[in-house]
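Order of appearance sets the numbers: ligands from 1, and atoms from 1 within every ligand.
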Amino acid sequence: MATSATSLAPKPAHVPPELVADFDIYNIPVGEEGPQAAWRTLRPGGPLAWSPRNGGHWIANSPESVFRFHRDHEHFTVAELVIPKMGQEYLMIPNQVDPPHHGEYRANILPLFTPDAVVRMGEDVRSLCIELIEEMKPRGTCEFVMDFAFRFPLGIFMRMMDLPDSDRMYLRRLVEGYTDSPDPERKTQSGIEMMEYIDRKIGERIENPGTDAISKITRFTIEGRPYTLAEMRATVWQLMVAGLDTVAGMVCFLAWHLATHPADADYIRSKIDDERAMQEVVQEFLRRYSIVSSSRMVVKDYTCDGVTLKQGEMIILPSAFFNLDESRPEAEKVDFARKNKKHITFGSGIHACAGALLAREEIRIFLEEWLTRLPQTRLDPERPPKLKAMPLNGAQELWLKW
Ligand code: HEM
């Protein structure tokens with residue numbers, strides 16, 4: 001069925017009319033408090049809602065169900081992970097593999113992100129971060145998304161994969177075409193181009209192996225046999241989707257927050273050498289500024305809170321509904337002393353982010369270098385920020401001055 005965000009899917013007979021909410025996950029208006037708060041503001045009432053947009057799908061509404069459905073492999077599968085459904089052509093391994101096979105696929109990629117591996121990458125992370133900040137410092141202004149966010153974590157990712165920096169923006173555009181567009185045709189076009197690129201790189205690494213992540217993936221085995229080309233492609237694609245947009249979005253939210261909350265910036269500067277305090281700072285930022293809202297497909301009819309979800313239907317699990325749950329005092333406020341900083345920004349359960357350690361390291365190094373090398377930043381009043389609220393929250397434009 002051709003789907004578009006603007007057309008409304010007919011309500012299936014089993015969906016109670018009172019649960020229908022006109023909620024377009026690719027077009028959520030962002031207010032003063034940013035994308036995560038925008039998601040939360042639109043949260044429909046009741047434990048579940050059904051949106052007729054983007055082919056029609058469920059929305060898990062309560063913080064409890066958002067959390068629980070991430071871990072419920074009996075009723076939900078990761079085989080379909082985006083709305084609208086894209087089939088298995090652009091499969092990601094291990095994110096789109098259910099148990100019991102998931103564990104062995106995941107075990108293969110984890111060595112890429114061990115604490116030792118992250119410490120080794122940390123040197124590169126810091127030197128690139130310093131280089132970019134020092135380059136922009138004399139200008140007194142920057143457009144943070146292009147000048148920093150798309151160069152810093154993405155630059156590290158390109159090094160990890162041993163891909164030329166000149167391909168960075170091309171690859172990012174392809175990932176964005178896949179993740180940020182509700183249009184299946186645009187997704188497919190971006191997917192096809194990406195697969196051609198990945199296949200070329202896999203071929204090069206098989207011919208001429210190195211020590212980079214792609215070379216390692218070409219040597220992975222499963223159940224005692226080498227990966228097929230399709231499995232190698234799905235693993236590289238996974239890292240592209242996971243690594244090219246997420247940390248970039250996160251540092252945009254941090255730069256935006258620091259420019260608009262100078263007292264928080266001062267507090268962090270005063271704690272830069274206090275490892276424990278910095279962990280709390282990173283944890284609270286992760287809670288407040290989630291990036292990903294994952295989806296699942298119903299694997300068999302499931303009656304939950306008196307509502308039946310039918311096999312094959314999609315459901316989105318909005319991370320902001322959990323992280324900014326109203327039962328937390330002033331959930332939208334960044335409060336480094338907050339007791340309950342529990343979050344699902346890195347997901348929850350067996351699919352929890354494999355790159356979380358690297359992401360935390362990049363965030364911490366960014367805070368240290370950004371806050372000690374530059375004076376207090378502020379937003380450019382002439383050019384307001386453009387932030388986006390969708391399944392992958394992020395920023396399109398963020399002009400800063402100092
Ligand atoms: C702030 C940055 C990041 C955020 C917010 C983030 C978030 C997430 C989330 C929410 C999931 C779970 C998705 C689901 O349950 O369907 C996930 C999975 C994953 N992430 Fe990240 N991620 C980040 C950075 C990274 C980086 C830098 C990498 C590696 C380059 C990475 C690699 C992965 C992988 C491989 C998985 C799949 C794990 C599995 O299925 O077992 N992530 N990430």
Side-chain angles (χ1 to χ4, degrees), residues 35-36 60 66-73 76-83 91-99 101-114 117-118 121-122 125 149 152-161 163 171 175 179 212-214 216-217 220 234-254 282-283 285-297 314-320 322-323 343-364 366 391-394:
Q36 297 77 11
V66 169
F67 184 78
R68 184 161 49 88
F69 293 174
H70 271 93
R71 295 163 167 260
D72 181 347
H73 309 290
F76 301 101
T77 171
V78 285
E80 286 283 357
L81 210 54
V82 290
I83 294 174
L91 186 77
M92 287 184 286
I93 290 180
N95 208 171
Q96 282 189 267
V97 184
D98 287 308
H101 300 296
H102 168 263
E104 197 179 348
Y105 281 115
R106 181 175 167 103
N108 276 334
I109 59 156
L110 287 182
L112 300 176
F113 305 104
T114 58
V118 169
M121 280 188 263
V125 173
F152 166 58
L154 274 64
I156 297 300
F157 179 79
M158 299 300 278
R159 290 177 193 192
M160 182 181 139
M161 308 291 269
L163 296 173
L171 295 178
V175 168
T179 56
D212 60 287
I214 301 181
K216 287 178 183 157
I217 290 167
F220 283 174
T235 311
V236 176
W237 169 226
Q238 162 84 75
L239 293 184
M240 297 272 193
V241 171
L244 278 173
D245 237 5
T246 49
V247 189
M250 182 59 76
V251 291
C252 288
F253 292 127
L254 300 192
V282 172
Q283 185 72 0
F285 276 140
L286 285 167
R287 181 196 69 83
R288 175 60 183 80
Y289 295 112
S290 63
I291 305 290
V292 184
S293 288
S294 212
S295 295
R296 299 288 187 260
M297 186 172 76
M314 294 299 294
I315 182 162
I316 189 154
L317 313 177
S319 47
F322 181 88
N323 290 4
H343 64 74
I344 56 162
T345 297
F346 289 128
S348 178
I350 63 167
H351 291 286
C353 182
L357 213 57
L358 173 61
R360 280 180 194 277
E361 181 77 350
E362 290 181 335
I363 292 167
R364 191 178 53 83
F366 164 72
L392 252 158
N393 294 326

Go through ligand 1 atom by atom and flag the ones less than 4.0 Å from a non-hydrogen atom of A242.
20 (N), 24 (C), 25 (C), 26 (C), 31 (C), 32 (C), 33 (C), 42 (N)

Hey, is the main chain of L286 close enough, under 3.5 Å, to the side chain of T345 for a donor-acceptor pair?
yes

Taking the side chain as every heavy atom from C-beta outward, state whether Q238 and P94 have any atom pair closer than 4.5 Å.
yes

Using modelled atom types only, decide if a donor and an acceptor are shared between the side chain of D98 and the backbone of V78 within a distance under 3.5 Å.
yes

Answer yes or no for M92: is there a heavy-atom contact with ligand 1 below 4.0 Å?
no

A student checking ligand 1 against P94 at a 4.0 Å heavy-atom cut-off should list atoms 39 (C), 40 (O), 41 (O)

Identify, by atom number and element, the atoms of ligand 1 in contact range of A354, meaning under 4.0 Å from any of its heavy atoms.
19 (C), 20 (N), 33 (C), 34 (C), 35 (C), 36 (C)

Which of these, C353, A352, G355, has its nearest heavy atom closest to atom 19 (C) of ligand 1?
C353

Report the nearest protein non-hydrogen atom to atom 15 (O) of ligand 1: residue, atom name, distance rounded to 0.1 Å.
R296 NH2, 2.8 Å

Please report the shortest heavy-atom distance between F69 and A60, naming the atom on each side.
CD1-CB, 4.0 Å

Answer side chain, backbone, both or neither: which part of H102 comes under 4.0 Å from ligand 1, heavy atoms only.
side chain

Does some side-chain heavy atom of M160 sit less than 4.5 Å from a side-chain heavy atom of M121?
yes

Ligand 1 contact on A359 by region, counting heavy-atom pairs under 4.0 Å
side chain

What residue and atom, counting heavy atoms only, is the protein's closest point to atom 39 (C) of ligand 1, and at what distance?
R106 NH1, 3.4 Å

Within less than 4.0 angstrom of ligand 1, does L286 place any heavy atom?
no

Answer with side chain, backbone, both or neither: which part of V97 has a heavy atom less than 4.0 angstrom from an atom of ligand 1?
neither

Decide whether the shortest distance between a heavy atom of V247 and an atom of ligand 1 is less than 4.0 Å.
yes

Side chain or backbone of M161 under 4.0 Å from ligand 1, or both, or neither, by non-hydrogen atoms?
neither

Any N/O pair S294/ligand 1 closer than 3.5 Å:
yes

Could an N or O of ligand 1 be found under 3.5 Å from any N or O of E362, whether backbone or side chain?
no

Where on H351 is there a heavy atom closer than 4.0 Å to ligand 1, on the side chain, on the backbone, on both, or on neither?
both

Who's the nearest protein heavy-atom neighbour of atom 10 (C) of ligand 1, and how far?
G347 N, 3.3 Å

Flag side-chain contact, heavy atom, 4.5 Å: Q36 against R288
yes

Closest approach of S348 and F67, non-hydrogen atoms and distance?
OG-CE1, 3.3 Å

Ignoring hydrogens, what is the shortest heavy-atom contact between S293 and S319? Give both atom names and the distance.
OG-N, 3.1 Å

Taking the side chain as C-beta and beyond, is there a heavy-atom pair between L112 and L239 under 4.5 Å?
yes

Ranking T345, I350, I291, L112 by closest non-hydrogen atom to atom 7 (C) of ligand 1, top hit is T345

Is the closest side-chain heavy-atom distance between W237 and L91 below 4.5 Å?
no

Closest to atom 35 (C) of ligand 1 among protein heavy atoms sits I109 CD1, 3.4 Å

For atom 23 (C) of ligand 1, what's the nearest protein heavy atom and its distance?
T246 OG1, 3.4 Å

Are the side chains of H73 and I350 in touch, meaning some heavy atoms are under 4.5 Å apart?
yes

Mind checking whether P318 and V66 have side chains closer than 4.5 Å, heavy atoms only?
yes

Within the 4.0 Å heavy-atom shell around F113, which atoms of ligand 1 are there?
29 (C), 30 (C)

Identified side chain to side chain contact (heavy atoms under 4.5 Å, CB included) counterpart of R296 within the set T77, D72, L81:
L81

